[in-house]
Q: 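Provided herewith is a single structure, encoded as C-alpha cells, for subsequent inquiry.
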Amino acid sequence: IRAGVKRYAGLDHGYTHPMAIVIIYEDGAGNAYIMKSHEQSGMEPGEVVDLIFALKEKYHFTTVFPDTSNPAVNKMIKKVVTVKDDFKKSVDTGIQLIRWKMCPSVGPTKLYGVKGNVDSVISNLEKYHFSYATNGKLTDDPVKEFDDSHDALSYAAQNRWSSGKAIIN
C-alpha cells in the first residue's frame with residue numbers, strides 16, 4: 001500500500017438484523033477501494049469489538065465511522081480503534097455520495113471492490129431498493145432490507161466523501 005492511502009471503515013450495528021462493516025482504502029485521487037465487507041447476525045458487543053480489532057490488524061485501517069444509534073457499543077470500539085461518531089446521520093446524503101462515487105458526472109467510476117472480499121456489499125447494492133407509495137408511485141424512501149453493508153458504506157461516505165470533512169491519517 002502506497003504512502004498517503006487513507007484506510008477507514010464504516011459500521012452498521014445489528015443483532016437480529018446483520019451487523020455490517022465495510023473497509024475502504026482511498027487514494028490521493030479520490031478513488032475508493034472497498035477491501036472487505038462483512039455481515040453477521042447475532043454478534044454480542046464484545047464479539048463485534050473483537051472482529052473489528054482482528055480486521056484492523058489485517059487491513060490496518062485507522063478510523064471507524066459507525067452508526068450513531070448505539071453509543072455504548074461505539075464506546076467499546078474506541079478501545080481498539082479511533083471512532084468518529086459525532087456526525088448527523090442522513091440516509092439521503094449517504095445514498096447521494098455513494099451514487100456520486102459509482103457514477104461521477106465526469107470521468108470514470110471512483111468506487112471499486114476487491115473481487116471475493118466484498119460479496120455482502122455487492123449483494124446489498126444489487127438488492128437495495130425504494131418503496132412505493134399507496135398510489136403506486138416510487139418514493140425516495142429506501143426499504144429497510146438488504147441495507148446493512150450499504151448503510152456501513154454510507155456512514156463512511158458521509159464522513160469522508162462530502163466536502164468540508166477532516167482528512168484522517
Q: Hey, does Tyr59 have a side-chain heavy atom less than 4.5 Å from the side chain of Lys36?
A: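 Yes. Closest side-chain heavy atoms under 4.5 Å.
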
Q: Would you say Phe53 and Val83 are hydrophobically clustered, going by side-chain heavy atoms of ILVMFWY under 4.5 Å?
A: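 Same hydrophobic cluster.
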
Q: For the residue pair Glu26 and Tyr8, confirm or rule out a side-chain donor-acceptor distance under 3.5 Å.
A: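 Yes - a donor-acceptor pair under 3.5 Å links their side chains.
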
Q: Looking at Lys75 and Asp85, is any side-chain nitrogen of the basic one under 4.0 Å from a carboxylate oxygen of the acidic one?
A: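 Salt bridge flag = no for Lys75 with Asp85.
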
Q: Compute whether any side-chain donor of one residue and acceptor of the other, for Asp92 and Ser90, lie under 3.5 angstrom apart.
A: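 No - no donor-acceptor pair under 3.5 Å links their side chains.
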
Q: For a quick check under 3.5 Å, do Thr139 and Ser131 share a side-chain donor-acceptor pair by atom type?
A: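 Result is yes, a qualifying pair exists.
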
Q: Does either side chain, that of His17 or that of Asp12, offer a donor lying less than 3.5 Å from an acceptor on the other one?
A: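 Their side chains do not contain a donor-acceptor pair, so the 3.5 Å distance test is not met.
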
Q: Answer yes or no: is there a donor N or O on one side and an acceptor on the other, between the side chain of Gln158 and the main chain of Phe87, under 3.5 Å?
A: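 No: the side chain of Gln158 does not pair with the backbone of Phe87.
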
Q: Report the C-alpha distance between Asp151 and Lys144 in whole Å, list the side-chain angles of each, state the deciding distance to 0.1 Å, and finish with yes or no for salt bridge (charged side-chain N to carboxylate O under 4.0 Å, His left out).
A: CA-CA 10 Å; Asp151 287 353; Lys144 291 299 293 171; 3.3 Å; yes

Q: Would a single hydrophobic cluster contain both Met102 and Val121, if residues Ile, Leu, Val, Met, Phe, Trp and Tyr are joined by side-chain heavy-atom contacts under 4.5 Å?
A: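 Linked within one cluster.
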
Q: Taking atom types as modelled and ignoring hydrogens, do the side chains of Thr63 and Thr82 form a donor-acceptor contact shorter than 3.5 angstrom?
A: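 On atom types as modelled, these side chains do not qualify, holding no pair under 3.5 Å.
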
Q: Quick check, are the ring centers of Tyr112 and Tyr33 under 6.0 angstrom apart?
A: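 Yes: the rings meet the under 6.0 Å criterion.
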
Q: Testing the 3.5 Å rule here: is there a donor-acceptor pair between the side chains of Asn31 and Tyr25?
A: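 Tyr25 and Asn31 do not have a side-chain donor-acceptor pair below 3.5 Å.
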
